[in-house]
Amino acid sequence: MQISTETLLQSYRAMRTIRVFEERLHREFATGEIPGFVHLYCGEEASAVGVCANLTDQDTIASTHRGHGHCIAKGVDVGGMMAEIYGRKSGVCRGKGGSMHIADLSKGMLGANGIVGGGPPLICGAALSHKVLKDNGVAVAFFGDGASNEGTTLESLNLASVWQLPAVFVVEDNGYGEATGASYACAGNQKDRAAGFGMPYMECDGSDFFAVHDTARDAIDHARSGKGPVMLHVHLQRWYGHFEGDAMSYRAANEVADAKKNHDCLESFRTRVEQEKLLDLNALDEIDASVADEVESAVQAAKQAPWPEEADLMADVYVKI
Ligand SMILES: Cc1ncc(C[n+]2csc(CCOP(=O)(O)OP(=O)(O)O)c2C)c(N)n1
Ligand SMILES: [Mg+2]
């Protein structure tokens, strides 16, 4: 099925925004101004964007420690995200969450998560709520190859299948959990795991927006139509270290260079829309310029924004009944 021009433009903008946001964070983190840890999603953009292009604000997602891409793809405000990462009061979580706890419930973004394997159980809850409320929503958990081995993830696959929940489990397989190779750490394979829990398995090349978009559409349609959960296995490569500061001594010398040269989702998107005359390339150049401005403004605003005050410390922690 043809993807609409509007969706293509929005998706390109989202992928470009993630790329520019992340590359800027890479440089800013090195200055020492950003508190906490930062895990970059750069190189994996087409996964978040291809999946989320099939979702609405009513659908819910749960993310990971590498969550900036999922947030941007789900429509979270870029200025608010940057301020959050800088720990400022104007951040989407008022500066108290930082990179690994960005959430925006108004966008159905249940949160980045410092707990590996923390997202899938949340998605079972969200999917149960969609099912009980009959609101037609789908809940999507993004998690890594490392997280795929967590008990919480395996329990969630089981529960979602037992309750036939409208859930999609997106395994973002970049081949590593920190410095440990998935080929060493993951027993069997994801396909057999999905079969073991009685759910369909789909897979795609995560550097190809069109492949992710179309495969995710089938997975999400399946879940939305009441047929139960699906596992979507996305094959990816990360372009930076596990966290900022990681020397990546466990990777082959040419691995990242090869990923950048041969598996760049922005390049393959541009080539495809040019070859198939799907978009005017000037529109893509305009998006590039506008995204550069947006990220620059976000950084400047974040650096000038006030810090949270002491009185904010206990706000939003407990619900008063
Ligand atoms: C429960 C838990 N165990 C261990 C960690 C430490 N840790 C942080 S990220 C990570 C690797 C996760 O790998 P993967 O799920 O493949 O995601 P990726 O970093 O590759 O995106 C680990 C072990 C953690 N944060 N939480
Ligand atoms: Mg991984």
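Indexing begins at 1, ligand by ligand and atom by atom, following the structure's order. FYI, side chains are in, hydrogens and waters are out, and symmetry mates aren't considered; it's all heavy atoms of this structure.
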Arg251 atom CZ, over 12 foreign heavy atoms within 6.0 Å
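Counting other residues, nucleotides and ligands, CZ of Arg251 exceeds 12 neighbours.
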If you consider just the N/O/S atoms, which atom of Asp145 is the closest one to the Mg ion (ligand 2)?
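In Asp145, the N, O or S atom with the shortest distance to the Mg ion (ligand 2) is OD1.
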Could you list each nitrogen or oxygen of ligand 1 that sits under 3.5 Å from a protein nitrogen or oxygen, with the atom names and the distance?
from     : atom 1 : to     : atom 2 : distance (Å)
ligand 1 : 7 (N)  : Glu178 : OE2    : 3.2
ligand 1 : 15 (O) : Gly146 : N      : 3.3
ligand 1 : 15 (O) : Ala147 : N      : 2.8
ligand 1 : 16 (O) : Asp145 : N      : 3.3
ligand 1 : 16 (O) : Asp145 : OD1    : 3.2
ligand 1 : 16 (O) : Asp145 : OD2    : 3.4
ligand 1 : 16 (O) : Gly146 : N      : 2.8
ligand 1 : 16 (O) : Tyr176 : O      : 3.0
ligand 1 : 19 (O) : His65  : NE2    : 2.7
ligand 1 : 19 (O) : Arg66  : NH2    : 2.8
ligand 1 : 19 (O) : His242 : ND1    : 3.4
ligand 1 : 20 (O) : Asn174 : OD1    : 3.0
ligand 1 : 20 (O) : Asn174 : ND2    : 2.9
ligand 1 : 20 (O) : Tyr176 : O      : 2.8
ligand 1 : 21 (O) : Arg66  : NE     : 2.8
ligand 1 : 21 (O) : Asn174 : ND2    : 3.4
ligand 1 : 25 (N) : Gly114 : O      : 2.8
ligand 1 : 26 (N) : Val116 : N      : 3.1

Has Asp59 got a side-chain atom pairing as donor or acceptor with Val138's backbone, closer than 3.5 angstrom?
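Here the side-chain-to-backbone pair exists.
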Would you say the rings of [Y] and [X] are close, in the sense that their centroids are separated by under 6.0 Å?
| X | Y | result |
| --- | --- | --- |
| His233 | His235 | yes |
| Phe37 | His65 | no |
| Tyr176 | Tyr250 | yes |

Which heavy atom in Cys265 sits nearest to a heavy atom in Ala46, and how many Å separate them?
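Between these two residues, the closest heavy atoms are CB-CB, 3.6 Å.
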